[in-house]
*Asks:* 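Here you go, one structure.
Order of the sequence lines fixes the chain letters, A, B, ..., with proteins taken first and strands second; residue numbering starts at 1 for each chain.
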There are 2 protein chains.
Amino acid sequence: MKLIEAKQQFISSWGAFGTHWGINRTMAQIHALLLISPDPLTQDDMMEELNISRGNTNMNIRELINWGLVERVLLSGERKEYFTAEKDIWKVVKQIVKERKKRELEPMLQLLDKLEAVEGDKRDKHVKTFVDTVVSIKKLGKQADKTLDTMIKAEESWFVSSLMKMFK
Amino acid sequence: MKLIEAKQQFISSWGAFGTHWGINRTMAQIHALLLISPDPLTQDDMMEELNISRGNTNMNIRELINWGLVERVLLSGERKEYFTAEKDIWKVVKQIVKERKKRELEPMLQLLDKLEAVEGDKRDKHVKTFVDTVVSIKKLGKQADKTLDTMIKAEESWFVSSLMKMFK
DNA sequence: ATATATTTTCAATAAATATTGAAAATTCGG
DNA sequence: CCGAATTTTCAATATTTATTGAAAATATAT
């Protein structure tokens, strides 16, 4: 397989992958493109490679910056802005986990705390099942929260070797 | 907070949560409703509670069954079909992980294997960056695959206590 | 300061996805 | 087998989400 074809497949499947995880296709594709680009790219580079409009490119780059996955690079003597993605995949994963934890898991746990305190007689099976469900989701969620915190702090080497031992 | 209000909040936020994870809102809401229902429900029950059409209800129930999260229940003496969700949240999480691993992670790893074998001179920085990226994603993906396999087999108590020790 | 290059915004539009509802198929008791 | 109850399908429609492109804003060189 030629590089050009391999790149296309990588970008397109990274985009499809993203859509299964609530990330829009273009954002994932821009990220993929930057991951495999040895040098920083301009908006125009991305527009051309991915055949997307300027507005779309701009908005999705900014979103990637918000997620902490892409950053602006200043190239001396250049008027245009350049962008580059973090290439260390472990760091990328940790960053995504960190953001999703903050945006989704933590608000969910807060809500469950409130819902656990529902009024009503626990002998009513409707109340009991509701509370039991909420409590058990909360318990698992709290454990996940702690585990992810540890992961976010960990070095890849440490993390992998711990898992190795754990799952020998 | 009254039960009725708490239920609504739970269902609605479970639905919103789902959409962040590539699951459609209605499917997540049906799942939520079944999770907090002490007894099995019919399609008509769900239609009424969630204010959705018969067709929508039917399709999403079937999808939940495909995911292994819901099952049909036969109630003797009843003509209608009843449905119930697995209530053990650890089992639910394992089932979701198992399915997503099969549907997404494994195909991705297969693709990366192919892409790693791209033609071209590794001294070309475009080739090098591409291969390096593919290899590092693959490495981490393989580790995740193994870890998730272990998790899928694990009992919750064993899993939590292992994590505890690991991240003491 | 002015002209020009570049980035950003956002209303309009397109595309993708979800939902409806009624017809067709199936199931099941009698 | 018949007929009523129930489930399933799917074309039409509605809704949501993504994308465009041109105008406005901003930045920079001279």
*Asks:* Tell me whether the count of non-hydrogen atoms from other residues, nucleotides or ligands lying under 6.0 Å of NZ in B/K98 goes above 12.
*Replies:* no

*Asks:* In whole angstrom, give the distance that lies between atom CD of B/E78 and atom C1' of C/dT27.
*Replies:*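 One finds 15 Å between C1' of C/dT27 and CD of B/E78, rounded.
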
*Asks:* Would you kindly give the CE-to-C1' distance between A/M27 and D/dT19, to the nearest whole Å?
*Replies:* 16 Å

*Asks:* Please report the distance, rounded to the nearest Å, between OH in B/Y82 and P in C/dT27.
*Replies:* 19 Å

*Asks:* Assign each of B/R54 and B/M59 to its nearest nucleotide of DNA chain D by heavy atoms, then name whichever residue's nucleotide is nearer the 5' end.
*Replies:*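 Taking each residue's closest nucleotide, the earlier one in sequence belongs to B/R54.
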
*Asks:* Give the rounded distance in Å between these two atoms: CZ of B/F83 and C1' of D/dT8.
*Replies:*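 The answer, rounded to whole Å, is 11 Å.
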
*Asks:* Using a 4.0 Å heavy-atom cut-off, does A/N58 contact any base of the nucleic acid, only the sugar-phosphate backbone, or nothing at all?
*Replies:* base

*Asks:* Which is more 5' along DNA chain C, the nucleotide nearest A/R72 or the one nearest B/I23? Just name the residue.
*Replies:* A/R72

*Asks:* Of the nucleotides D/dT7, C/dT19, C/dT8, which one has an atom closest to the side chain of B/E81?
*Replies:*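 For B/E81, the side-chain atoms sit closest to D/dT7.
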
*Asks:* From the list D/dT19, D/dT9, C/dT20, which nucleotide is the closest neighbour of the side chain of B/R62?
*Replies:*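 Side chain of B/R62 sits closest to D/dT9.
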
*Asks:* Please give, in whole Å, the distance from C/dT20 P to B/L50 CG?
*Replies:*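 So the two atoms are 10 Å apart, to the nearest Å.
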
*Asks:* To the nearest Å, give me how far apart CG (B/L75) and P (D/dT6) are.
*Replies:* 14 Å

*Asks:* Which part of the nucleic acid does B/N56 contact within heavy-atom distance under 4.0 Å: base, sugar-phosphate only, or nothing?
*Replies:* base

*Asks:* Taking the nucleotide of DNA chain D with the closest heavy atom to each, which residue, A/T57 or B/K80, is nearer the 5' end?
*Replies:* B/K80

*Asks:* May I have the distance from B/I52 (atom CD1) to D/dT13 (atom P), rounded to whole angstrom?
*Replies:* 22 Å

*Asks:* Sequence neighbours excluded, which residues qualify as side-chain hydrogen bond (donor to acceptor under 3.5 Å, both in side chains) partners of B/Q43?
*Replies:* B/N58

*Asks:* Heavy atoms only: give me the nearest A/P40-A/Y82 pair and the separation to one decimal.
*Replies:* O-CD2, 3.5 Å

*Asks:* So does B/D113 pair up with B/K142, basic N to acidic O under 4.0 Å?
*Replies:* yes

*Asks:* With a 3.5 Å cut-off and just heavy-atom distances, do the side chain of B/R79 and the base of C/dT27 make a donor-acceptor pair?
*Replies:*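 Under the 3.5 Å cut-off, the side chain and the base do form a donor-acceptor pair.
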
*Asks:* Please report, rounded to the nearest Å, how far the P atom of C/dT20 is from the CD atom of B/Q43.
*Replies:*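 For the pair B/Q43 CD and C/dT20 P, the rounded distance is 13 Å.
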
*Asks:* Is any NZ, NE, NH1 or NH2 atom of the basic residue among A/D44 and A/R54 found under 4.0 Å from an Asp or Glu carboxylate oxygen of the other?
*Replies:* yes

